[in-house]
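To start, the structure itself, in structure tokens.
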Amino acid sequence: MLEIDKTGTGDFLAGGGEMGALMRAHDWTATPLGPPESWPQSLRTVLRILLTTNHPMFIWWGDELIQFYNDAYRQTLGPERHPSALGQRGRDCWQEIWPIIGPQIAQVMGGGGPTWHENQLVPVTRHGRLEQVWWTYGYGPIDEDGRVGGVLVVCRDVTRDYLAAAALREREAELARVQQIGRIGGLEVNLATGFHNRRSPEYLVVHGLPPEAANETHADWVRRIHPEDRDATERQFLDAIRGEARDYTAQYRIIRPSDGATRWIAVRSVIERDENGRALRLVGAHTDVTEQVLAERASRQSEEAFRTLADALPNHVWSGGPDGMLTWFNPRAYEYSGFHPGELDAGAWSRMVHPDDAERTLKAWSRAVATGEPYENEFRLRRVDGVYRWFLARAVAARDEQGAIVRWIGTSTDVDDQKQIAAELAKLNATLEQRVQDKTRERDRIWNVSQDLLLVTDRDGGFLTLNPAWQRTLGWSETDLLTHTADWLEHPEDLGVTRAQMQKLAAGEATVRFENRLRHQDGSYRWLSWTGVSDVDRNYAVARDVTAEKVAAERLKATEEALRQSQKMEAVGQLTGGIAHDFNNLLTGIVGSLDLMQVRLDQGRADNLSRYINAAMTSANRAAALTHRLLAFARRQPLVPKSVDVHQLVVSLEDLLRRTIGEAIDLEVAAAPGLWPTLCDPNQLESALLNLAINARDAMPEGGKLTIACNNVRFGGLNVELPALLPGDYVCIRVTDTGCGMSPEVAARAFDPFFTTKPIGQGTGLGLSMIYGFAQQSGGHVRLHSEPGRGTTAKLYLPRDHGEIAGAPEAAKGGAAHVANGEAVLVVEDEPVVRGVIVEMLQEQGYRAFEAVDGPSGLALLQRERIDLLVTDVGLPGINGRQLADQARQSRPDLKVLFMTGYAESAAIAGGFLEPGMELIAKPFDLDDLLARIKQLIEA
Ligand code: ADP
Ligand code: MG
């Protein structure tokens with residue numbers, strides 16, 4: 001309630017506390033205002049309000065801006081201005097802030113209307129210092145007589161409010177910054193009003209929302225959650241609110257709207273509740289923890305990978321904390337030690353360390369743990385069966401980014417085997433030198449004492465190293481031999497053999513074996529048997545001196561030859577004995593007959609002469625047959641091989657054979673279609689067949705069957721059954737009887753000459769031996785298959801003739817038709833009886849006969865006379881018959897020659913020996929045969 005001044009004097013200054021008193025006491029006359037009684041009404045009114053209000057007020061009045069203020073205002077001034085400011089000119093009072101307020105005052109005083117300033121900093125000097133003071137104030141005009149008489153200041157010191165608000169703003173800004181830096185999204189949910197919420201800008205960033213989503217609904221949030229987490233997350237949130245919890249934490253995935261990415265959000269919130277526990281508000285912090293989650297997962301995966309790896313390793317793998325306490329071992333460690341999982345943890349593992357290694361091992365481990373340096377140690381660990389084995393343990397510390405040890409990871413590897421090998425190796429190494437020496441000495445000894453010639457050469461065979469055996473064997477010193485090849489030592493016939501073989505080795509042949517002769521220093525030669533091998537650029541050869549063996553072999557050969565010779569002599573003796581016996585019988589027959597003839601002739605009786613002659617002839621013929629057989633056995637019979645159809649020959653012999661074997665024995669000659677021709681002497685073949693038939697007859701005294709069959713045989717490659725036969729085509733003649741057969745002993749000797757099981761006078765023992773000789777000489781073979789009581793088969797193989805079969809044998813005696821017409825025949829024969837008989841016969845037949853005793857005289861005759869036919873013995877003294885014929889033919893190329901021979905050197909002689917116009921007749925012959933051949937030749 002204003003106290004109205006009714007007096008019109010100083011009453012308007014009544015009251016007003018201290019300031020009222022001061023105003024009343026003030027000497028206003030010294031001011032432009034003059035005494036209060038003169039002050040205008042408007043001023044008085046305002047002053048009355050000023051002094052009666054508790055609201056701080058201040059007045060500038062008049063042009064001088066004389067100041068008034070009340071008690072409430074007093075505190076804002078401070079001792080510097082109060083009470084001096086009362087009645088003071090405004091400009092004088094507020095010099096320091098006049099630039100701020102001066103224009104504002106001027107504006108009001110000039111009629112520009114009131115001003116209003118909020119939270120304006122207007123520093124004020126108070127209590128001796130310049131205070132920063134914020135004001136909210138207004139300057140209002142005080143009207144006076146139609147114009148502005150003064151300025152009423154209504155102000156409030158808002159410094160405290162202002163600073164509080166500023167501090168709050170700053171805190172909020174800081175919070176926002178912190179949120180921003182920490183990427184923490186703030187969320188405030190008003191639960192009392194049903195999930196009204198407020199989201200901080202960072203929340204929007206974390207959740208990938210646009211700014212306008214700051215007030216999104218609960219449903220929006222739920223929709224944003226990853227479908228897999230959605231229901232669970234929402235349920236958890238609602239449960240937390242409906243329950244009693246004051247903390248609510250969650251972690252879930254969202255599909256971030258800004259980019260569709262799946263992100264992990266972690267939430268920590270506080271739920272504020274009233275006294276009844278009802279949830280009022282939730283304040284939460286949201287952070288994107290995707291990186292952490294992924295990192296955790298990755299680390300979990302790498303941890304798992306580590307475990308899997310460790311489980312798979314054959315080594316012991318273990319890990320422990322930074323303090324060195326082991327917390328994990330892989331299964332290998334448990335399997336090895338026999339402890340159960342967990343029993344090795346902390347320091348317990350040292351239980352498996354060998355007592356002798358325990359202290360050292362623990363020390364090494366402690367040192368590693370203390371320094372963080374890698375741990376490496378070897379020690380023995382006890383296996384479940386009590387055996388200790390050596391292990392090499394290694395461990396390294398795993399550290400975090402700061403370098404602090406997070407854990408230790410270690411392995412223990414079984415090195416027992418290596419250790420043992422190393423120990424053995426060390427032992428071997430220690431003794432190596434000794435062993436090398438020993439070995440070298442052994443080698444040297446072998447090298448030096450070897451009787452064999454040891455040699456190392458270069459690739460071309462140049463001698464590089466050789467042993468002393470060389471000098472012992474060949475006399476040459478090492479220096480003589482080194483660097484050369486063996487050429488200069490080799491026997492002229494072996495020249496270059498050694499070098500050639502060494503070069504073969506160099507060319508890649510694995511081994512060579514050869515023999516050669518090398519010259520001894522004394523000029524003699526030694527036979528060496530070589531074996532050589534090669535490696536990269538050297539040849540190694542061993543040669544053995546086989547001279548002695550060679551000599552021995554030579555000697556053996558000579559001895560064998562001598563033995564054979566003596567055996568032959570023995571056989572000849574046997575033969576001679578047999579022949580002598582036979583011949584004596586025959587000669588007895590001849591001589592006896594001749595004696596009787598002589599007696600009869602002396603008596604002048606011619607009766608019985610022809611009987612004696614016949615008897616003598618028979619004996620003589622038998623003697624001739626005997627010599628033939630002997631020659632056949634000796635394979636010296638003159639064979640005249642021809643192409644023969646064996647089957648045909650057998651058929652032609654059938655009659656003769658039948659007569660020979662008699663009525664009691666059946667003869668069957670098997671057909672042989674397509675039989676190859678053979679090459680042999682048909683006369684010999686006939687006699688062979690006859691002999692076989694006779695043997696068969698002798699074996700079948702009670703009768704039986706004789707079969708003769710022929711077939712073709714081809715032997716290819718190695719002939720196991722008949723190794724004596726060369727591969728090729730043969731005709732086989734089988735003569736089979738059903739007789740008594742032979743025991744193995746008899747069969748083994750059946751081919752021996754003079755071997756017979758027959759009584760004296762019946763058997764000669766020459767039949768089979770003759771056949772054997774004939775077969776061999778013809779390039780064939782003969783075999784017997786026989787068992788006692790089961791008969792015998794003789795198989796005679798004769799070679800196939802690939803040429804044409806000779807036509808029917810020439811009419812042997814056809815020449816008999818020829819009548820001599822004084823043709824000149826020269827007979828060269830050293831045996832006078834034979835020569836005389838032949839010459840006499842020729843003369844009787846009407847030939848001009850010349851005779852010579854040997855080759856030279858025969859040649860002389862040939863030069864002198866025109867000779868039509870030369871009949872010559874082959875075995876002449878001086879030049880033989882063949883040489884004679886050759887020399888004669890030099891001047892008489894067409895000279896016909898008939899050779900006479902008692903034997904032929906071989907079958908080949910008969911074939912290769914004779915040229916056209918030459919023939920051969922075997923001795924003995926009867927004169928008719930000779931004459932027939934002579935006629936044949938002359939006629940041709
Ligand atoms: P020889 O007939 O004169 O005794 P061989 O040389 O012809 O002489 O025969 C020798 C021996 O071989 C005969 O004494 C006989 O013991 C035996 N031998 C030969 N052929 C036959 C055969 N076909 N059956 C049984 N034994 C035979
Ligand atoms: Mg016989």
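The chain is numbered in sequence order, starting from 1. What you are looking at is a predicted structure, and each value in this text was computed from that prediction instead of being measured. Atoms within a ligand are numbered from 1 in the order they appear, just like the ligands themselves.
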Original post:
Between Ser857 and Asp854, do the side chains contain an N or O donor and an N or O acceptor separated by less than 3.5 Å?
Top reply: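 Indeed, the side chains of Ser857 and Asp854 share at least one donor-acceptor pair under 3.5 Å.
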
Subject >> Test item: side-chain donor near acceptor, Tyr730 and Arg800, under 3.5 Å >> reply: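 Side-chain D/A pair, Tyr730 to Arg800: absent.
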
Original post:
Does Thr757 approach ligand 1 within less than 4.0 angstrom via side chain, backbone, both or neither, non-hydrogen atoms only?
Top reply: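 Both backbone and side chain.
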
Original post:
Where on Ile694 is there a heavy atom closer than 4.0 Å to ligand 1, on the side chain, on the backbone, on both, or on neither?
Top reply: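 Neither; no heavy atom under 4.0 Å.
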
[X], any N or O under 3.5 Å of ligand 1 N or O:
X	answer
Met742	no
Asp737	yes
Asn695	yes

Which atoms of ligand 1 are found less than 4.0 Å from any heavy atom of [X]?
X	result
Ala750	6 (O), 10 (C), 12 (O)
Phe755	8 (O), 10 (C), 11 (C)
Ala699	22 (C), 24 (N), 25 (C)
Gly767	5 (P), 6 (O), 7 (O)

**OP:** Please report the C-alpha distance between Asp894 and Lys896 in whole Å, then the side-chain angles of each, then the deciding distance to 0.1 Å, and finally whether the salt bridge (charged side-chain N to carboxylate O under 4.0 Å, His left out) criterion is met.
**Re:** CA-CA 6 Å; Asp894 57 340; Lys896 292 169 179 171; over 6 Å; no

**OP:** Can you label the angle between the Tyr772 ring and the Phe751 ring as parallel, tilted or perpendicular, going by 30° and 60°?
**Re:**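 Tilted.
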
Subject >> Other residues, nucleotides, ligands: >12 heavy atoms within 6.0 Å of Gln603 CD >> reply: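 Yes - once you tally the heavy atoms of other residues, nucleotides and ligands closer than 6.0 Å, there are more than 12.
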
Original post:
So does Arg892 have more than 12 non-hydrogen atoms from other groups sitting under 6.0 Å from CZ?
Top reply: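 Count over threshold, so yes.
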
Subject >> Donor-acceptor contact present, side-chain Gln648 to main-chain Asp645, <3.5 Å >> reply: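 Not a single qualifying donor-acceptor pair exists.
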
Original post:
Does Gly739 come within less than 4.0 angstrom of ligand 1, counting non-hydrogen atoms of the residue?
Top reply: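 Contact absent.
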
